[in-house]
Asker: 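My structure is below; once you've seen it, I'll send some questions.
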Amino acid sequence: MGSTSKRRCACWCSPASSSSTTLLLFMVPLIVISGIVSVLGPNTTTSDWSSLSMYRFPWLWSSASFSSSSSSSSSNFTGKNPYNNNNNNPVLVSPPSNGGVLDLRSTVVVQVDANMEEAISDEYSVPNRSSSSLFPKEAFPEIQLLNGSKQEDSLNVSASDYESLIVVPTMNESRHAPITNARRLRLELIESHLIKARASIKEAKFGNQTGDPDYIPVGPMYWNAKAFHRSYLEMERQFKVFVYEEGEPPVFHNGPCKSIYSMEGNFIHEIEMNNQFRTRDPDKAHAFFLPFSVTMLVRYVYVRDSHDFSPIRQTVTDYVNIVAGKYPFWNQSFGADHFMLACHDWGPEASNSVPNLRKNSIRVLCNANTSEGFNPSKDVSFPEINLLTGATNGLLGGPSASHRPVLAFFAGGLHGPIRPILLEQWENKDEDIKVQQYLPKGVSYYDMMRKSKYCICPSGYEVASPRVVEAIYTGCVPVLISDHYVPPFSDVLKWKSFSVEVAVKDIPNLKKILTSISPRQYIRMQRRVFQVRRHFVVNSPPQRFDVFHMILHSVWLRRLNVRVHDDQ
C-alpha cells in the first residue's frame with residue numbers, strides 16, 4: 001500500500017477542464033477502433049448486446065423481483081479509466097435458468113440445482129468488459145419491477161415473480177493482466193462452497209434445530225428460525241471479508257462512535273479489528289468492504305451550506321477507481337460482491353457517485369428508503385443507534401408490561417413531514433398518548449420510554465430513526481410510522497410480531513389502533529421485544545448474534561444470492 005495511492009484517494013479536486021487538443025487525441029483512436037471492430041467481425045455488433053438476458057436482482061423476502069431490460073445500444077462506450085488499463089464496456093448480467101434464491105421468510109432456497117457446481121454454459125458469457133465510474137448512464141438501465149409497478153410499491157409484488165440467482169460473469173481482463181488459472185480455481189472453489197451453504201440452509205428448514213451453546217433462535221419473531229440459525233452458522237464457518245487498505249483517516253478507516261451516526265465508526269472499527277471474518281488475502285474473500293465513512297466525508301470534504309455534493313462524489317469515485325485499478329476484484333464482479341456502509345442521510349447520495357456502486361454493490365444503509373432507490377434484494381437496512389457515550393451503558397432494560405402506566409410516548413421536535421401531523425393531532429391532548437416536542441425539566445427521556453407500553457417512532461426527513469432501537473433497548477413496543485421504510489434485518493426478523501406499523505393517514509386513529517390490541521397480545525409483543533434485543537445490542541468486542549454480526553449476516557445473505565463466475 002503506497003502513500004501515493006492514499007494521497008490520491010483523499011484528493012477530490014478534479015482537473016478544471018480538458019483542452020480541445022487532448023479531446024481530439026482521445027477521440028481519434030476510438031473512432032479508428034470502432035471502424036476496425038465494425039469491419040472485422042460480428043462479435044461486437046449491436047445484435048449481440050440486444051440478445052443478452054436482463055440485468056436482474058431477485059427479492060430476498062419472497063415478495064418481489066427486480067429486473068431491467070438490457071438496452072440495445074449501437075454506441076458501445078469505450079472510455080479510458082485513468083486508474084485502470086482495461087477497456088470499459090457496458091455491464092450486462094444474465095441469470096441462469098437453474099439458479100436459486102435465498103429466502104429466510106419461507107422457502108429459503110428456490111430451485112437450487114447441484115448442476116450449478118458445473119461451469120456456466122457459453123450462453124451466459126458476455127463481451128470483454130470492466131466496471132468504471134466512466135460508464136455512461138445508458139449502460140446501466142434502471143432496475144424496474146417485473147410487474148411494472150413503481151419502486152416504492154416493491155413490497156407488494158407477488159412472490160412468484162422471482163426465480164433465479166444473480167449471476168455475475170467475471171470480466172476478461174486486459175491482455176496485460178489476464179485471469180490466471182490459480183485465480184480462476186480459487187473463484188470456483190469459493191462459489192462451490194457458497195452453493196453448498198445455500199443447500200444446507202434449505203435443508204435446515206425441514207430438519208432438526210442445530211445445537212448451539214450460546215443461543216438457539218426460536219419463536220414467531222423469526223420468519224424461519226431454523227433457516228436463520230443454519231445460515232448464521234454457515235456465515236461463522238466460512239464468510240470472509242477483505243477490507244481495502246487504501247485511504248487514510250479520518251475519511252477512510254474511521255467514523256463517528258459517539259453520535260447518531262455511531263454505527264458507521266463502530267462497524268468500521270470492529271470489522272478491521274476482527275480476526276474471524278476479516279481476511280488479509282483477497283483471493284479468499286467472499287465480500288469486499290469499501291471502508292469510507294459518509295459522515296466523515298460530510299464533515300471534512302463537504303463545504304458547509306454549499307449544497308454542492310460534487311466533492312463527496314469525486315472522493316468516492318476516486319477511491320473506487322483506485323481499488324479497481326490496483327486490484328482485479330471490483331472489475332471481475334462489477335462491484336456486486338462489494339459493500340459500503342453509511343448511517344448518514346447522504347449515504348444514498350454518496351453511492352450515486354459510481355453507477356456500479358449504486359446498482360450492483362451491497363449498500364448497507366440506515367436510510368433504507370425504497371422511494372429513494374433502496375433495493376432490499378441487494379441492499380441492507382441496518383439500525384441507527386444514537387450512542388452518546390460510545391456504549392450502551394444505562395440504555396438497556398425496562399420493567400414488565402404491568403409496570404408501564406403510559407399507553408404511548410413520543411418526544412421530539414418538528415422534523416420532516418410526518419411529525420407535524422403527529423404533533424398536531426396528539427400534542428398535549430390525551431393523558432394516555434404522551435406526545436410532546438419538549439419534555440418538562442427533570443423528566444428523563446429514557447425513563448418515559450420505560451414507563452410506556454408503546455413508543456412512537458415517526459420518521460424525520462429520512463426514514464431512519466434511533467427511536468426504534470431505543471424502544472427495543474427499553475422494552476417498549478415500537479410503533480413505526482413511516483412510508484417506504486425497510487426495518488433492519490427484515491429478511492430474518494418478522495417485525496409485525498413485536499412492533500406496530502401505523503400508516504401516516506392513520507395517525508388520527510392512533511389511540512384506537514393501540515387500544516384495540518388485547519393485553520395478552522401486548523404482553524406477547526413486549527416479550528418478543530426483549531427476545532430480539534440481543535440482535536440490536538452494540539458490544540465491544542462483538543458477541544454472537546449481536547448487531548455487528550447481524551449486519552454481517554445481512555451482507556452474507558446478499559452475497560449468497562450472487563454468483564461470480566469466469567466467462568472465458
Asker: Counting C-beta onward and ignoring hydrogens, is there a side-chain heavy-atom pair between I418 and I507 closer than 4.5 Å?
Answerer: yes
Asker: Mind telling me whether F339 and F267 have parallel, tilted or perpendicular rings, with 30° and 60° as the class edges?
Answerer: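 The arrangement is perpendicular - the two ring planes meet at more than 60°.
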Asker: Is a side-chain N or O of R363 found less than 3.5 angstrom from the main chain of D379, in a donor-acceptor match?
Answerer: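 Side chain of R363 to backbone of D379: no pair is present.
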Asker: Parallel, tilted or perpendicular: which describes the rings of F228 and Y232, with under 30° parallel and over 60° perpendicular?
Answerer: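 Perpendicular, since the angle between the ring planes exceeds 60°.
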Asker: Do NZ/NE/NH1/NH2 and the carboxylate oxygens of R467 and E470 come within less than 4.0 Å?
Answerer: no
Asker: Looking at F374 versus H484, is the centre-to-centre ring distance below 6.0 Å?
Answerer: no
Asker: If we count only N and O atoms by modelled type, under 3.5 Å, do the side chains of H344 and E264 hold a donor and an acceptor together?
Answerer: no
Asker: Assess the pair F530 and F498: is the distance between their ring centroids shorter than 6.0 Å?
Answerer: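 Ring-ring flag for F530/F498: false, centres at least 6.0 Å apart.
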Asker: Find out whether L480 and P487 are in side-chain contact, i.e. whether some heavy atom of one side chain is under 4.5 Å from a heavy atom of the other.
Answerer: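 The answer is yes, as the side chains (C-beta and beyond) meet within the 4.5 Å cut-off.
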Asker: If you count the non-hydrogen atoms of other residues, nucleotides and ligands that lie under 6.0 Å from CG in N208, is the total more than 12?
Answerer: no
Asker: Taking the side chain as everything from C-beta on, heavy atoms only, tell me whether F239 gets closer than 4.5 Å to V555.
Answerer: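 They are in side-chain contact.
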Asker: Which residues pass the side chain to side chain donor-acceptor pair (under 3.5 Å) test with R528, not counting sequence neighbours?
Answerer: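 For R528, no residue satisfies side chain to side chain donor-acceptor pair (under 3.5 Å) once neighbours in sequence are set aside.
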Asker: Using salt bridge (Lys or Arg N to Asp or Glu O under 4.0 Å) as the criterion, point out the one residue from R559, K196, R186, R184 that pairs with E191.
Answerer: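 Between E191 and the candidates, salt bridge (Lys or Arg N to Asp or Glu O under 4.0 Å) is satisfied uniquely by R559.
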Asker: Is the centre of the Y446 ring less than 6.0 Å from the centre of the Y473 ring?
Answerer: no
Asker: Please check: side-chain N/O of W556 versus main-chain N/O of S231, any donor-acceptor pairing under 3.5 Å?
Answerer: yes
